[in-house]
Amino acid sequence: MALARVARSGLRRSAGGIGSYISEKDIFYERAAGLKSFVPSLEKVNANGNVTYLSTINRVNHMSFWSRGINTTPHYRFPLAERLVEDSESEYKEPRYRYPSLEATKPGEKPRVVVLGTGWAACRFLKGLDTKTYDAVCISPRNHMVFTPLLASTCVGTLEFRSVAEPVSQIQSALATSPNSHFYLASCVGIDIDKHEVYCETVSDGGLAREPYQFKVAYDKLVIAAGAEPLTFGIKGVKENAYFLREVNHAQEIRKKLLLNLMLAENPGISEEEKKRLLHCVIIGGGPTGVEFSGELSDFIMRDVRERYSHIKDDIKVTLIEANEILSSFDVSLRQYATNHLTKSGVHLMRGVVKEVHPKKIVLSDGTDVPYGLLVWSTGVGPSQFVKSLNLPKSPGGRIGVDEWLRVPSVEDVFALGDCAGFLEQTGKPVLPALAQVAERQGKYLVQVFKRIGKQDGGKAFSAKDMSLGEPFVYKHLGSMASVGRYKALVDLRQSKDAKGISLAGFISWFIWRSAYLTRVVSWRNRFYVAVNWATTLVFGRDNSRIG
């Protein structure tokens, strides 16, 4: 009965770990945007008076993680109960009737910072967070950070996959060693800003007794670094047929598909038309990711495919389709250099807008059919469904709106950064581009904000209102770099698109590109891996084994 008494006392945050059962007729909630409640409902009561549990939340497809470390599942809010069903102690003793939770911190304990995501912003923040002042809880459907600038190199075997993946427990060791800091392999499916709780669904593959397994975590401070998802512009067939390039598993699938098509094309009886389709690699989007992948792929074809697949070497083709100009944010001279270099490397550049995607061909807006064997989609990113559905202020473009200190206005103790966040219109600042250097700089800045909060004893929930956070965040662009293959790269050191500055292209730029990224790799372990992979590829060529 002690549990029932606590439940009746007003759902205090200290009782966050208690599972409660609410009669359907007694549930009163906000039905924002027509969304269902996340809380379990009472389906029926059996003859013995016991409750039959049924979660109303839909099962999540955990394979579709397009963001930088958080799943794009819809937002749900817990309903506020008018009263609670009084139950016997024996019922509460049953684990199946509990809603597991990490309860709110108690007086005397360190304040808890909950971080959603393991992308550039989240990991840079976690790396610098003072764990003597705060306990950290990280929630993400992946347990590593991806060094995205080098991800395209893994698709063709220039680098191994583990060389671009950094375990989050090595970025912030407290997640593995501190008794009150945790990493949870789960997707955030809801936030209750009033109760300071986030609701999660564990990533599993049938390994738990109850599926889906859901739990909640109370926070003192919440940092949303949920990333973004690829823009498909609502084009039919993109999600079903195209490959994206934002996660390690995306690169693995692209590599498997590429090598499979190379081997299938050598089978006897394959028609010439089908062989050319299988060996046609199409990249949609002429931004840095699309250009770098095109360059890596053309280099792979020139150096390795022509040597090891001599029967089909003349049939393989790479096409890059862009609606406007490739690398539009780069200097004009660099764009022209990239165009000439890619053309010489065998990449066919096309102007066009995709109208529809079919399993074996894409249809452009002018009616042109483009058969393909591999389709990689790289047209930029936008807000995820998770971010869109949150009942929080939004910046232009649909990101979570933040002020100059990366706080979410009108919401206590919530911060947002990285690709999921943007300055609100009233700040007078533009929404920053979805770049790794922006996210990393914001994570580093927020570390300093939390240090100031900690020094003023504002770490606990509801205790940092009107507190001085120091200087606002200011972003200074350091420049852009992109590899175009065959030991050539572009380096644009201008601070903005219209500003003047240093622009380089060629072998020296390629050396700068590699040196810069080697120093930016998070750990010495991965720097060693990357350096060894590059040396091995230079001497022995790329491995063409298809595993899995």
Looking at residues at least two apart in the chain, or sitting in another chain, which of them share a side-chain hydrogen bond (donor to acceptor under 3.5 Å, both in side chains) with [X]?
X	answer
D315	none
R303	Y487
D366	T368

Just by distance, do the side chain of T537 and the backbone of N533 share a donor-acceptor pair under 3.5 Å?
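Flag set: sc T537 to bb N533 pair under 3.5 Å.
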Return yes if a side-chain donor-acceptor contact under 3.5 Å exists between [X] and [Y], otherwise no.
X	Y	value
T536	W534	no
N249	E253	no
E166	S523	yes
S483	E292	no
T158	E296	yes
T118	S140	yes

Test ring pair (Phe, Tyr, Trp, His ring centres under 6.0 Å) applied to F415 - qualifying residues, sequence neighbours left out
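Expected list: F450.
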What I want to find out is whether D299 reaches R542 closely enough, with some N-O distance under 4.0 Å, to be called a salt bridge.
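Counted as a salt bridge, because a side-chain N and a carboxylate O are separated by less than 4.0 Å.
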side-chain contact (heavy atoms from CB on, under 4.5 Å) assessment of Q437 paired with W120
CA-CA 8 Å; Q437 62 174 295; W120 280 83; over 6 Å; no
Does NZ or CZ of R441 fall inside the cone over Y475's six-membered ring, less than 6.0 Å from its centre and within 45° of the axis?
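Cation-pi check for R441 and Y475: fails.
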How about [X] and [Y]: do any of their side-chain heavy atoms sit closer than 4.5 Å?
X	Y	value
L258	F300	yes
L208	T202	yes
T154	Q252	no

Show me the donor-acceptor pairs within less than 3.5 Å that the side chains of residues 279-288 make with the rest of the protein, sequence neighbours left out.
unit_1 : atom_1 : unit_2 : atom_2 : d
H280   : ND1    : P371   : O      : 2.6
H280   : NE2    : T319   : OG1    : 2.7

Any idea which heavy atoms bring R142 and G119 closest together, and the distance?
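The answer is NH2-CA, 3.5 Å.
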Sequence neighbours left out, what passes salt bridge (charged side-chain N to carboxylate O under 4.0 Å, His left out) with R255? Give chain and number order.
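Residues passing salt bridge (charged side-chain N to carboxylate O under 4.0 Å, His left out) with R255: D543.
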